[in-house]
Structure formats: structure tokens, C-alpha cells
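Shown next, in C-alpha cells, is the structure this report addresses.
Owing to the predicted nature of the structure, the values given are computational and were not obtained by experimental measurement.
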Amino acid sequence: MHAPARLADPDQADAARPEPADRIAVRRGKPKANDSTNALRADVLGALGVLKVATADQLQRLLRPSAMSNKAVRQALNDLARQHLVASDGNTKTRDKTWRLEGTAGLDAAGHVLRLPRSEMGGTARGAGSSGAQHAMAVNESVLAFVLGGTAPGATGGVGVIEDWATEVEFTLPGGRRKVRPDALWQAPEIGLPVLMVEVDRSTMSLRRLAAKLPAYRELFRVKVKDSDPALADKDPADRMVHWWRRTWPGHTRTGYPPVALVFTDASTTTLTNRQQKVASMSADCWQGTRWTVTRDDNDGDGWREYDDAIPVIATTLDLLTEHGPLGPVWWRYGRPGRHSLLDALDNPDNRDAYNQRQKAREDKARQEEREAARRHRKAMRALACADCGNIPEQATTREYGPDGRQDFTRRPGGRCWDCHLEHQEQQAAAARERLHQARAANAQLRPCWTCRGSIGGEEGSELELTQKAGPERLECPGCEHERQEKRLGPLVLPAPTKREQLAARLSTPADPWWDVRVLHAKLYPPKNRLKNLSCQTT
């Protein structure tokens, strides 16, 4: 795209160009009646040369975004109108006046600013404002979102300037009868995007007609022309044919055709989402590419897609684009889930290069697993050495069989061999017997169970006898306690000492091992209230 240029003075520009023979002389109003600057008037002409029709508010946001109001832009428009370079046809639905270039003079002045020949300037959009120019306003808002960036806090900024854009550009399809006319065309080679076709959908066009635009784009992009490069003079005619768009917009590095962006607006969120999905399904043949699958044992039927004959189609809504800007995560690339930034959405993560990377990762993983298995095998062999005698088995197994031929022993890393295992078991049995003798000796020093008169630590030979630690407060062995709980007999209260026993206790130490507890229970549970106290305790 040509670099932006400034028109020193529209009056001087008109004077510098020769007057066409059929130009009708008009009486111009007083120049600069509103004291607008030459630079602003030139910017307004350039912007209208790109957008064709716009409001003062849109021009102010585009050309002087830091200004508090659009007063200066309106002054420039009025001055240009007095020079018959711009005109207003009507108002938008919000009662904003629409402005456009006026006649050949306006087109020539805008072409001088944009440094474009008259043949590339298109028309003046005469009469567009009479119907509100709703579609043009939506296209303008899309262009402004690209140039200015997002309005949300922390949103990304815009890309490029208004001179990077073009509208009303027509491309003729083979045969010469049909044309492809994008709503806007954007060139941003500074970010690796030589060209982007933009279609703005106001939800008024039928889905079939909207989806039919994508096959037309593909038909256009398939057209090839003869390359005039002298270096290819010796090549066969077929080898000298190149896609015309690569010669028109050089610098494309991605596979496939130039991308097409769809911007949806003027409907509810649900409606816009449904329209995006339906257009995607109706035009899948244009953007999904060709699937290639490689049958291998190690890739689970993985493959890739070829996009040489596919159009990268990205879609968003005008609200998302305005809020987050073109570089924000607003674009849905047809064929991929989620929303991405502009450049990420245009990449092809499932192409042949990506498959090669995945396959290399799988092969690296398989080799790593083989090395890890060999390392584990060597480690397992070393770990199977007997912890006592150091014996290593002849085979890498953790299983050994006893003398009767049945597998009743498992050899584990850091464990023992069969002989050492038997010796260890005998040592454990001897230690258990020693603990049993010690437990019996300790329990024998305590009083017996009140109920069964057996050991207070439990039935002889039982596990409880080895694990129970009988205390001075225990009256029954664990077995009798469990039986009492099952029969719901309530807590055990020993009978109070008789008067005879109390008199004997004064003379000598009672032989009754439960004497102290019986005396204590006599104090806690007097004979008169014993039943009541026991009832309350049980509850």
C-alpha cells in the first residue's frame, strides 16, 4: 500500500492539476471559512477516499482520537463542502450526518492525498446516505477497530493506518461476468499479513448467499498468470505460471490462499454465534483442506491437513473486535476450537510440519521408554540381591517356589532369598514366643478378671494377650468386657465390702485383689442409690 500522504491545500491541489475539458466551472465559497487546517482537510479527504462514506464522529475517532469533540472535523467537512469536494446525502439511524466525496473533483483530491490513480479510487457513494448507509457504517466501525484497537481496559492497540485499507475493490472471476467484491481489503505486511479480505455481515443477508462468497474467493485465488521474471525464461510454460495474488501482494509465508475475515453484527449474541457456525458448516469445503492419515503402529492414526487449496477463514463479532482489538483473542478460525489472536488464528497447527514434530516427539518418547525399561531391568536385577546373604537370582523374577513346588513366597527388591526368608520367619516366631511369655508374666502380676477369674490381659494364647496392656483400673479381661457390651449388662460395679470384711481389714491386709476397687465403689455407689446411679450411668 502506498505510504500516507498529506495534501498541502485542496485549493492548491485543484490549481496544480490541469482542468479537464468537460469540467463545469463552479463558483466556490470562501475558502477556510471555518478556519480548518490544511492537514486536517487532507486527512478527511484521504479517509473518505478509503471509506467512501462516513460520519464526522467516525472521522474524528479515526483522525483525531484524542480530540474532545468532532467540531474540528465538522469544520473541515464544511470547508471541503464549500469547495465542492465533499457532500452529505442524508443521516444515519442515529441522526448523524453522512459525508462522501463529491464528483470528480472530490475523487481527484482524495487520490492526490492517497497517491492513487483515478482508476483505483472507485465511486463517490452518491445516494448511500439517503438510506442511512447502514452497511457502510458497519464496515467503517470494523476498520476503526482494526486501526484504533480495543476499547476495553488492557486491550491491545490497533495496527496500521487508514491508508492501509481499501473499499469497493472489485475482482473479476474467470469468464468476466462474475465479480468478487470484499467489503474491505487490508494490507499489513509489517505483521506478516500481506493482505486480508474482510466481509461484514449485518445479519440481513441469507446464510446461503453469505456462504457462497467463500467458494467465489477460492475460485478467484486459483487464477494463475504467466510470471514475467527473466530468470524463468528457460522454464516450461507450466512452470512459469504463478497465482496472481502472490505477485500482487508478495511476502506470503503461510500455506493456502489469502485469509478472509468475517465480521458479524446487528443481532443478538446467540444469533451471531449460530450464523458463524452455520456459515462454517456450509462452506467447509473451502477452508477445511485435505486430510492425510499415516497408518503406523505408534501414531494412533495421526495425520495432517494440506491447506494449499484452502482459504483460512476467521470469524468474530463487531462487539468483540471493538472491545479487544484485532490482535486480541477474538477470532474463531474455522476448523479450530476457541478464539485466538489474529496471527495465531491464521496459523495452521495441524499441518505437515506439526505432524512431523508430533511424530518425532512420539519416537523420542519410545526411545526414552526403552532406555528407561533397560535401566529399570538392570536396577531390578541389582535390587533382587538377598539383603542377608547377598545372593542374586539367576533370572530377573521376584517369584520363588517353596519345597512343595507351590508358589508361596515372593521375593521382592531389597528382600531375602528363600533360605534366609525361612530363617527370618523362625526368628520372628521365636521373638513372638518371647513376647508372649513376657506378656503372660506381666499380666500374672495383676489381679485376675473379676468375671472369669482368668488373666486380665486376655485368654491364654490369644492375640489380645500379646497386645493388651492391662491397667490398674481394669476389672475384666477384653473377652468379658466385649460379652458384657453385647448383652447390655451395663458397667461392672463390684459388691460393697461386708461389715465382717471391713472389720478384718482393720486387723490385716485383705487377700482380696479387688478390695480397693470394692471400697471405692462402695463410696461412689451407696447401697440406697446404687440402682439409680447405675441406671443413670448406663443411660
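Side-chain contact between V263 and E199 is absent, with no heavy atoms from C-beta onward closer than 4.5 Å.
Side chain of N351 to main chain of R305: no donor-acceptor pair is present (N/O by atom type, distance under 3.5 Å, no hydrogens or angles). With hydrogens and angles disregarded, a donor-acceptor distance shorter than 3.5 Å links the side chain of T322 to the backbone of L318. Formation of a donor-acceptor pair under 3.5 Å by the R333 side chain with backbone atoms of L342 is not found in this model. Of the possible polar contacts, one joining the Q60 side chain to the R64 backbone as a donor-acceptor pair under 3.5 Å is found. Using modelled atom types, one side-chain atom of T156 and one backbone atom of H324 make a donor-acceptor pair closer than 3.5 Å. Judged by distance alone, the side chain of S283 and the main-chain N or O of C286 form no donor-acceptor pair under 3.5 Å. Between the side chain of T167 and the backbone N or O of V50, at least one donor-acceptor pair lies under 3.5 Å. In terms of modelled atom types and a separation under 3.5 Å, the side chain of T55 and the main chain of T98 share no donor-acceptor contact.
If you check the side chains of D96 and T94, you find a donor sitting under 3.5 Å from an acceptor. Side-chain N/O atoms of T273 and T270 include no donor and acceptor closer than 3.5 Å. Between the side chains of D309 and Y257, at least one donor N or O lies within less than 3.5 Å of an accepting N or O. At a cut-off of 3.5 Å, with distance as the only test, no side-chain donor of Q58 or R61 sits close to an acceptor on the other residue. No side-chain N or O of E163 forms a donor-acceptor pair with one of W165 less than 3.5 Å apart. Side-chain atoms of Q277 and Y334 form no donor-acceptor pair, as typed in the model, at a separation below 3.5 Å.
E168 pairs by the side-chain hydrogen bond (donor to acceptor under 3.5 Å, both in side chains) definition with nothing, not counting sequence neighbours.
Every pair passing salt bridge (charged side-chain N to carboxylate O under 4.0 Å, His left out) that includes a residue from residues 338-353 is listed here, sequence neighbours excluded: R254-D347.
Between W331 and F146, the ring planes are tilted. Angles from 30° to 60° get that label.
Salt bridge present: D302 and R358 bring a charged side-chain N and a carboxylate O closer than 4.0 Å.
For the residue pair F221 and W244, the shortest heavy atom distance occurs at CA-NE1, 4.3 Å. Between D57 and N70, the shortest heavy-atom distance links the atoms N-ND2, 3.7 Å.
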